Each structure stands twice: as structure tokens, then as C-alpha cells.
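Reading through the C-alpha cells given below for one structure.
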Amino acid sequence: MIDITLPDGSVRKYERGVTALEIAQSISEGLARNVLSAKVNDQVIDATRPINENAKVQLLTWNDQEGKATMWHSSAHLMAEAVENLYPGVKFGIGPDIENGFYYDIDFGEYTISDSDFKKIEDKMLEFAREKQTFQREEVSKKDALKYFNEKGDEYKLELINELEDGEITFYKSGDFVDLCRGPHLPDTSPIKAVKVLSLAGAYWRGNENRKQLTRLYGITFPKKKELDEYLVRLEEAKKRDHRKIGKELELFTFSQNVGQGLPLWLPNGAIIRERLEQFLKKVQKDAGYLPVISPHIGNVNLYKTSGHYDKYGSDSFQPIKTPIEGEEFFLKPMNCPHHCEIYKSRPVSYKDLPLRLAEFGTVYRYEQSGELHGLTRVRGFTQDDAHIFCTPDQVKDEFKGVMAIVMKIFKALDFKDFIVQISLRDKEDKTKYIGSDENWDKAEQAIMEVAEESGLDTIVEYGEAAFYGPKMDFMVKDALGRKWQLGTIQVDYNLPERFELEYTGSDNEKHRPVMIHRAPFGSMERFVAVLIEHTSGKFPLWLTPEQAIILPISEKYQKYAEKVLKFLNNSEIRAQIDDRSEKTGRKIRDAELKRIPFMLIVGEKEEESNTVSVRQQGTGDLGTFELQAFADLIHKEVEKATENNN
RNA sequence: GCCAUUGUAGCUCAGGGGUAGAGCACUUCCUUGGUAAGGAAGAGGUCAUGAGUUCAAUUCUCAUCAAUGGCUCCA
């Protein structure tokens, strides 16, 4: 007999070789029906695998993320089985579960497949699922594994098997489909009641663009039809928050083929929001000792040869502009740092001048691959809220901390709670991708790790994700559809000061090399506004919104009074307009609601007589009658509340 | 850049080898109204661009451009 410890701490005795499924059955039939897999001593395994020694066992169901993962992983096999049945001879790459569902990379060979084929794949999957096919695990020798896929002619699986050790190779068989797989899997296919093949995409084998592109099919499955329907509704809801859609509806920005791909045009409403954000950050930065600078949009090719960017990105940039007579070459600036280095060099610097913090909302241009462009989040021309801090090595940590404080201030002001802090360090294996000395890299990486630890924020560390010139800390936020975007960034750089031979005179009257910190709390104005739109569904905080109030006269008779109210509001620094169309009040309210204008001020006979406004709040409803000054105070108080936190 | 899909009025979309339609928005007129759509009339499109097939192409074919979902990339 062995002791099985359940999550509630209770210990039960079972025969050696008991399975999680049997344990579930011993507790209740209902539980047994719902068990998808099991966590045994922190390892997730098939619910049908024997347990041979004392263990902690957690039964995993649809309510556990790991249970879902098991179901989706098995669903990937089910989809592969369906595809193999419908398109004999196709070859398979990998097919893992993902955050929402699963995918399988498939080489369809001669077949061409499009989304019109999804239905029959789904139908076949459901057909197999209803057969209650079991997932049978089999340990196979490397030799036998190679033999099987050699006969099948699947070079992708052969490649994977060749990288595995003999003795750790397992196959799973469901129906007629046999796959190389570590598992775990469902006991059988019966929990899969609703399936949806979501999309198809090209995906390079092993993520390498020089290798063959396979067809990736994305799908998701559920134990109940209703849950699938709800998921699809949620997807539709999320799409309504898409910044591209809201940007169009609220007239925030647009694109024109005549201007060019990835080159956003900010419309007045969007420009107001962006300006407000810039003003806000400028004030914060002024208080934090930053100095404004302005640099041109192009720079001589030699500047980028000095910085090292020319070698690294020269051929992947917009190509140089040439002067007609001299033939001098200029690049559109892809970043502001080389210009700022030259500003640093414009006069001798003493240690007393440090830290020197040079800030600029600098517009940069990068040639992004056409397939990568995406609304405002990935563009070819954008404005960074950039600054470069030049300091002594001793000041790095404090400066880094100071920047983090600014990022947190911004996130707090805009109520961004759900962000990821990622620290990107060098690839441990391949250090040839980076410029700069080992010693300097170690110093920089250590400083970041220390500050991160002291900040108390949850961080994730990624090796191999560093910029080529230094390690960095990025602040990532998810968009409406769960895609991650990098916003703020802080990067330590020991390399550019070397390349530009930056110096300062120390208290010892010797020359020393400063350290540089690149930082952009918003990241880019374009991307930040995009994420802000998706987080707020276009209901911007009062201090940012383009139009804070709209005055709705009941009829033309009250136009004069409406103008008086408008004048008062404008004098009180409140952004407002009058809806003077000859429409009914209900219509004006509806339109203002849809435009997400925070306050609607209804004025008619009553209001004119008493010198008041009837206030309706967007999304909330009637707030009652306010004296003009009382309404202005209400707005000012709310704006202050939001901005006070920030200062 | 690669794979798949898409491109018809300002927006959302229907249509289809014989030179185009709806709703909303817009303009004008009527209506002067109290918390999410008042009524009528009118104006709007080389059917993304270019070539080919055809008596005839917005519709079929090809190319180009752009957008969408991914992959790769992202100083």
C-alpha cells in the first residue's frame, strides 16, 4: 500500500500502481468523470498512469489551468488525427497547447488549405471525439521511434527524435493517429464536446525563417458547447475594444496610402490626448531634473557608423537621403541617442554636471517589415518620450530607480495595473551578438537586478533578449486580444559612451567615462495611446479626454444661454462644445454617449432661469442640477485627483 | 519579408459577366423637442490600382498596393 496525500492534506491508502483516475473514482463517480489529468509530486501526468510510491496527488479538472492544458494538448492530437484522415500523407511538426487553445504546425504538401476547410476538420474532430478514443502511452526506443517516422516519411518528427535521448521517448496513440509526445493526455476524447478551428497561419519550422514554412492551425475546445459560444462572444467583445476600431469611431487617428504604410496621421481628437500626455510627462520630468533638448530628424551616416547602428541595421533601414551636390548621406534617425551624445559633447563636462538628463519627444523612423505593421502599436514613424541620462558609474543605480518611479507614476495615473516587468539580459550561450566588454555587461546586468529586487515588483528575467548594446528592463502590457506590447523601457548602456568617447572631468581632475541610461516611460506615444484606448475602450480619464463636456440645448431658444455656459466653461479651462443641431434631446444624448463624452450638460428653460446646468454623466446617467461654478469645481476636483497622485 | 484571407459610398456591409444597392453619417426642408435614434427630400462610388481573357469585366485570371490573423523581425 502507498500513501496518497490530497491537496486538502488528507492521506489515503491505495494499492501500489493505483491511477489518479482510480483515486477519483474512490472519491466520487462525478469527480472521476471530470478528471483530465493529475499532478503527482508537482509533475503533471496522465490520469491513467500508475503511481508506485507515496505521493502528493492533485486531480486536475477543467477548473485548473493545467487541466485545460491537458485537454487542449489532447485536442491538438485530435485535430492532427482529423487532418491526417482528411488529407492523407500530410506531415506534422509540433502541436502544443497555448494560453487559449492549441495549434498544430502541419506540412500540407500538395494540399492547399484555407479557412473554408475548417468546418470539415471540426466535424471530423467531433466525430472522433464521440468515439471516446483513448490516449495510449507507449515508451519506445529511439531506434523504433526513428523507424516508425522514417516509414511514415515525416522528416519533422525524425528531426525531433534525433535530438532526444534513448529511453525518454514516448508515443501516444489515439484512434489511428500516433504521435511523438511527452504527454500528458486525457484518458479519452470524451470530454471534448465543442471544437473550433480558429485560424490558420504560416509558421516557420522551428521558428527559423530560413527553413520551410508550415501551416499552423489554431484551435480551441471546450467540455460544453455553451462555453465555446461564450468564448466566441468574449472574442467579439474584445474586438470592439480594438484601438483601430475605436480610433476610427472617435476620430483619433488615420492612415493614408498616399502618406505610406505604417505612418499614422493624428487627427485633432487624438492629438489632444497625445498633447495632454506629453504635458503631463514634461512636468514630471521637469520636477525630476530633466533638461529639454531638440534634435533634427536626420543624421549624417557617420553618426551611425560611430554609434555602431550602421553595421547592425544599415541595410535594414530606410536607405540614406543624399545631398544633390556633395553626395553626403543622411539617415532618417531611427533613435535619438547618437544626437544626444553629440549634445553631451558640445562642451566640457564636469562631474558636478552629472547626472545630466537630456529629454526629447523625438520622432524616429524605422523600416519595419510590412507584415509586422499593426495599427498604432507597430508603425514606421513614431515619437519616443526619450531621454538619456549621463552619469557616473556610482549614480547608475539611483538614476535607474528614479526612472522606475516615473514609470510607476504614469502607470498609476492611468490605472495600468496589469503589466509585466521584464528584465532582458544577454544570451548566456552566444555573446557574439553584442557589442561591448564582458566586464561592462556584467556591471550593467548586476545594477538592474539589484534595483529590480529593491523595487519589490514581480519581474521576469529573459536571457538573450537584451538590446545589442546593453541589458534592459521593459514594461509590457497586454492589448484587448491578449497580445503583449512593450511600453516603457529602461536600458543601461556602457557602449555608446565608449563609441562616442564621452568624458567628464572627475574631482581628481582626471578624465572619466560616463554611463548612459536610455529610457522612455511611455515607450512610444503611438503605442501607448493604442494601449490606453484598448484599456479604456475609448473612455479616457477626464484629464485626457478631448472633449470633457458637451452642452445640449433643449431647443434653439436656449442657444444663447448655451453659449453663455460654453464661455464660462472655456474660461474655466474646461474643454467643451455645444451640440446645436436641430435634433431632439434624446438624440443628442445618444450621440454624446457614443462619443464617450464624460459630461452632458442639458440646458432649457429651468436652467436658464436659475443659471444652472442639468448634468448627465456618460455611462452613469442624470446627476441632477448644478450651479455653473459647482460643475466647474466638480471637473477640477476630478482632474486634480488624477493628477495629484502623479505629482 | 513569408503563409492565409480581404479590398464595393465617409462608416458597417449586401450583390454579382450586360457599367451598382441598404442602413447609418452628410446636405436641405419640416419639426422646437427634457435624459440613448422625430419626419421628408437630396447628394455621394472609374466597385483599391494596372494588365489580360471576353462582343462586354466591378464580377473571371495574373500582377501591384493596402488591410486583417499569424510566423520571422523589432536599435
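Per chain, numbering begins at 1; letters A, B, ... match sequence-line order. Just so we're clear, the structure is a prediction, and the values are computed from it rather than from any experiment.
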(request) Write down the distance between NZ (A/Lys472) and P (B/C74), rounded to a whole number of angstrom. (result) 9 Å
(message) Rounded to whole Å, please give me the gap between CG in A/Asn258 and P in B/U49.
(response) 13 Å
(request) Please answer whether the main-chain N or O of A/Ile389 pairs with a side-chain N or O of A/His340 as donor and acceptor at a distance below 3.5 Å. (result) no
(request) Decide yes or no, distance alone: a donor-acceptor N/O pair under 3.5 angstrom between the base of B/U35 and the side-chain of A/Thr585. (result) no
(request) Counting heavy atoms from C-beta on, name the nucleotide in B/U32, B/A75, B/C71 closest to the side chain of A/Ser555. (result) B/U32
(message) Within a 6.0 Å radius of atom CD on A/Glu251, are there more than 12 heavy atoms belonging to other residues, nucleotides or ligands?
(response) no
(request) Using a 4.0 Å heavy-atom cut-off across all strands, classify A/Lys588 as base, sugar-phosphate, or nothing. (result) nothing
(message) Work out how far the P atom of B/A66 is from that of B/C29, and round it to whole angstrom.
(response) 44 Å
(message) Please classify the nucleic acid contact of A/Gly207 as base, sugar-phosphate, or nothing, using heavy-atom distances under 4.0 Å.
(response) sugar-phosphate
(message) For A/Tyr344 and A/Phe390, take the angle between the two ring planes, folded into 0 to 90°, and tell me which bin it lands in: parallel under 30, tilted 30 to 60, perpendicular over 60.
(response) tilted
(message) Is the base of B/A75 stacked against the aromatic ring of A/Tyr313, taking ring centres under 5.5 Å apart and planes under 30° as the test?
(response) yes
(request) Would you check if the side chain of A/Asp386 reaches a backbone N or O of A/Gly362 as a donor-acceptor pair within less than 3.5 Å? (result) no
(message) The side chain of A/Arg216 is closest to which nucleotide in this list: B/U5, B/G70, B/G1?
(response) B/G70
(request) Look at the aromatic rings of A/Phe92 and A/Tyr104 and report parallel, tilted or perpendicular, splitting at 30° and 60°. (result) perpendicular
(message) Starting the side chain at C-beta, find the nucleotide from B/U32, B/A36, B/C65 nearest to A/Gln257.
(response) B/C65
(message) By nearest atom, which of the nucleotides B/A4, B/G33, B/A36 is closest to the A/Ser582 side chain?
(response) B/G33
(request) Just call it for A/Gly586: base, sugar-phosphate, or nothing, with non-hydrogen atoms closer than 4.0 Å on any strand. (result) sugar-phosphate
(request) Report the base-pairing partner of B/U53 (Watson-Crick or G-U wobble, both distances below 3.5 angstrom), or none. (result) none
(request) Would you indicate which nucleotide in B/A4, B/A37, B/A75 comes nearest to any side-chain atom of A/Leu200? (result) B/A4
(message) Taking any heavy-atom pair under 4.0 Å as a contact, classify A/Tyr218: base, sugar-phosphate, or nothing.
(response) sugar-phosphate
(request) Provide the Watson-Crick or G-U wobble partner of B/C74, both distances under 3.5 Å; none if there is no partner. (result) none
(request) Identify which nucleotide among B/G70, B/C74, B/A75 has an atom closest to any side-chain atom of A/Pro334, counting heavy atoms from C-beta outward. (result) B/A75
(request) Please check if atom NZ in A/Lys484 has more than 12 non-hydrogen atoms from other residues, nucleotides or ligands closer than 6.0 Å. (result) no
(request) Classify the nucleic acid contact of A/Ala201 as base, sugar-phosphate or nothing, counting any heavy atom under 4.0 Å across all strands shown. (result) base
(request) Return the nucleotide paired to B/G16: Watson-Crick means purine N1 to pyrimidine N3 with N6-O4 or O6-N4, wobble means G-U with N1-O2 and O6-N3, both under 3.5 Å. (result) none
(message) Rounded to whole Å, please give me the gap between CD in A/Glu583 and P in B/C24.
(response) 12 Å
(request) Under a 3.5 Å limit for both distances, which nucleotide forms a Watson-Crick or G-U wobble pair with B/G23, could you say? (result) B/C11
(message) Determine whether a donor-acceptor pair (one donor, one acceptor, N or O, separation below 3.5 Å) exists between the side chain of A/Glu607 and the base of B/G34.
(response) yes
(request) Compare the minimum distances between each of B/G1, B/U35, B/G69 and the side chain of A/His374, then state the nucleotide with the smallest one. (result) B/G69
(request) Quick one: label A/His518 by what it contacts on the DNA or RNA (base, sugar-phosphate, nothing), any heavy atom closer than 4.0 Å. (result) nothing
(request) Please tell me which of A/Glu605 and A/Asp115 maps to the more 5' nucleotide of RNA chain B, matching each residue to the nucleotide holding its nearest heavy atom. (result) A/Asp115
(request) Name the closest nucleotide to the A/Gln213 side chain, picking from B/C71, B/G34, B/U31. (result) B/C71
(message) Only pairs with both distances under 3.5 Å count, Watson-Crick or wobble alike; so what is the partner of B/U35 in this structure?
(response) none
(message) Both distances below 3.5 Å, Watson-Crick or wobble geometry, any strand: find the nucleotide opposite B/A40.
(response) B/U28
(message) For a quick check of understanding: with a heavy-atom distance under 4.0 Å over all strands, which category does A/Ser317 fall into, base, sugar-phosphate or nothing?
(response) base
(request) Select base, sugar-phosphate, or nothing to describe what A/Thr215 touches, counting heavy atoms under 4.0 Å on all strands. (result) nothing
(message) Between the base of B/G1 and the side chain of A/Tyr204, is one N or O donor paired with an acceptor at under 3.5 angstrom?
(response) yes
(request) With a 3.5 angstrom cut-off on both distances, give the Watson-Crick or G-U wobble partner of B/U5, or none if there isn't one. (result) B/A67
(message) Can you tell me the base-pairing partner of B/U59? Count Watson-Crick or G-U wobble geometry only, both distances below 3.5 Å, and say none if there is no partner.
(response) none
(message) Whether the side chain of A/Thr536 engages the backbone of A/Gly538 through a donor-acceptor N/O pair (distance < 3.5 Å, no angle test) should be reported.
(response) yes
(request) Using only heavy-atom distances, decide whether a donor-acceptor pair under 3.5 angstrom links the side-chain of A/Ser614 to the base of B/U35. (result) yes
(message) Regarding A/Arg206, tell me which of base, sugar-phosphate or nothing describes its non-hydrogen contacts under 4.0 Å with the strands shown.
(response) nothing
(request) Return yes if the base of B/C73 and the side-chain atoms of A/Arg378 contain a donor-acceptor N/O pair under 3.5 Å, otherwise no. (result) yes
